[in-house]
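In what follows, residues are counted from 1 in the order of the sequence shown. Hydrogens, waters and symmetry mates are skipped; everything else that's a heavy atom, side chains included, is used.
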Amino acid sequence: NRLQDVSVARGASGVEGTLVDGVLHGAARIYADGVMLAILHYVHGRLGGPATLLYPDGAPSAQLNYADDKLDGKAVYYAQDGSVQREAHYVRGALSGDSKTYLPDGSVLEHARYRQGKLHGLFERFHSNGRLAERQLYGSGKPIEPGERYAQDGLPSASSGRPSCA
């Protein structure tokens, strides 16, 4: 095994890492305009392990995990203020399990379940007041039954989005 530290730059942008037998292995740092934007981990030239994406101010924009060049495991995406925007789980590059998207105040905007990259199970979207806005059951990416929609006051809505007259 031949180790070689490398730094490849084009202007103020570049990559720093270690090559083993000519391919990236271990941590690699990605820069643009002199600012570090990502720390990625490689295993014999393929993304593997934790990856941190950064905003220009250095705050994390995402914490990801890779296996064999594909997203694998928990992924957390952040707003610039540090609050969590989205949490998801991947298996071999495809969404799998629970995925949640959050509003800036931390309340849940959307909760979806995935299997092999397709919606599978209950999908829910919420109004900013926390009340249920939409509920839909999916199987292998397709709706199983008609979805339910609700107004901000919690009353069922017609498909137009207006409260229905019961």
Side-chain angles (χ1 to χ4, degrees), residues 13 15 27-43 46-166:
S13 300
V15 178
R29 289 166 177 72
I30 313 296
Y31 295 88
D33 298 322
V35 175
M36 187 166 42
L37 295 181
I39 303 168
L40 309 174
H41 286 83
Y42 286 84
V43 178
R46 299 175 69 84
L47 283 168
T52 302
L53 308 183
L54 303 166
Y55 285 108
D57 68 0
S61 66
Q63 296 279 332
L64 311 170
N65 288 286
Y66 283 89
D68 206 22
D69 268 346
K70 295 180 180 174
L71 284 169
D72 197 75
K74 188 174 183 177
V76 182
Y77 302 88
Y78 300 94
Q80 200 146 7
D81 66 5
S83 63
V84 175
Q85 281 185 320
R86 185 163 192 242
E87 294 176 307
H89 191 269
Y90 291 85
V91 174
R92 292 182 294 284
L95 282 166
S96 181
D98 284 345
S99 173
K100 290 183 180 179
T101 303
Y102 299 93
L103 292 168
D105 69 3
S107 60
V108 176
L109 171 65
E110 195 174 278
H111 184 189
R113 288 121 182 122
Y114 289 86
R115 186 163 67 184
Q116 297 176 343
K118 296 179 181 178
L119 283 167
H120 190 84
L122 188 60
F123 168 87
E124 297 171 299
R125 182 173 289 131
F126 299 88
H127 291 290
S128 59
N129 65 7
R131 291 188 184 226
L132 186 62
E134 181 181 352
R135 176 180 283 162
Q136 178 77 57
L137 193 59
Y138 283 86
S140 298
K142 297 180 180 166
I144 291 177
E145 56 191 35
E148 303 166 5
R149 289 173 179 56
Y150 300 90
Q152 286 193 349
D153 62 7
L155 295 174
S157 294
S159 61
S160 67
R162 293 182 301 227
S164 59
C165 299

Contacts of Ala51 meeting side-chain contact (heavy atoms from CB on, under 4.5 Å) (sequence neighbours excluded), chain-then-number -> Leu40, Leu64, Tyr66

Those residues at least two apart in sequence (or on a different chain) that pass side-chain contact (heavy atoms from CB on, under 4.5 Å) with Arg92 are Asp72

To the nearest 0.5 Å, atom CG of Leu37 lies from atom OH of Tyr31 at 10.0 Å

Residues passing the side chain to side chain donor-acceptor pair (under 3.5 Å) test with Gln63, sequence neighbours excluded, are Thr52

Check your understanding: In terms of heavy-atom contacts, does CD of Glu148 have more than 12 from other residues, nucleotides or ligands at under 6.0 Å?
Key -> yes

Exercise. Hey, is the main chain of Leu122 close enough, under 3.5 Å, to the side chain of Arg113 for a donor-acceptor pair?
Worked result: yes

Across all chains, not counting sequence neighbours, the salt bridge (Lys or Arg N to Asp or Glu O under 4.0 Å) partners of Lys74 are Glu87

One pair to check against side-chain contact (heavy atoms from CB on, under 4.5 Å): Val43 and His41. What are the steps and the verdict? CA-CA 7 Å; Val43 178; His41 286 83; over 6 Å; no

Residue set satisfying side chain to side chain donor-acceptor pair (under 3.5 Å) with Glu124, at least two apart, ordered chain then number -> Arg135

side-chain contact (heavy atoms from CB on, under 4.5 Å) filter on Asp68, not counting sequence neighbours, yields Arg46

The side-chain contact (heavy atoms from CB on, under 4.5 Å) partners of Lys70 (sequence neighbours excluded) come to none

Across all chains, not counting sequence neighbours, the side chain to side chain donor-acceptor pair (under 3.5 Å) partners of Arg131 are none

Side chains of Ser107 and Phe126: closer than 4.5 Å at any heavy-atom pair?
no

So the salt bridge (charged side-chain N to carboxylate O under 4.0 Å, His left out) pairs with at least one residue in residues 101-112 (sequence neighbours excluded) are Glu110-Arg125

CZ of Arg29 to CD1 of Ile39, rounded to nearest 0.5 Å, is 5.5 Å

The reported gap from CG in Asn129 to CG in Leu103 (rounded to nearest 0.5 angstrom) is 10.0 Å

d(Lys142 NZ, Leu119 CG) to nearest 0.5 Å is 13.0 Å

Taken in chain and number order and not counting sequence neighbours, the residues that satisfy side chain to side chain donor-acceptor pair (under 3.5 Å) with His120 are Arg115

| message | Is it the case that the side chain of Gln136 and the backbone of Glu145 share a donor-acceptor pair, with hydrogens and angles ignored and the cut-off at 3.5 Å? | response | yes

The reported gap from OG in Ser157 to OH in Tyr150 (rounded to nearest 0.5 angstrom) is 9.5 Å

Evaluate the criterion side-chain contact (heavy atoms from CB on, under 4.5 Å) for residue pair Tyr90 and Ser96; output intermediate values, then yes/no. CA-CA 5 Å; Tyr90 291 85; Ser96 181; over 6 Å; no

Let me have the donor-acceptor pairs involving side chains of residues 76-83, under 3.5 Å, with sequence neighbours excluded, atom names and distances please.
from, atom 1, to, atom 2, distance (Å)
Asp81, OD1, Ser83, N, 2.8
Asp81, OD1, Ser83, OG, 2.7

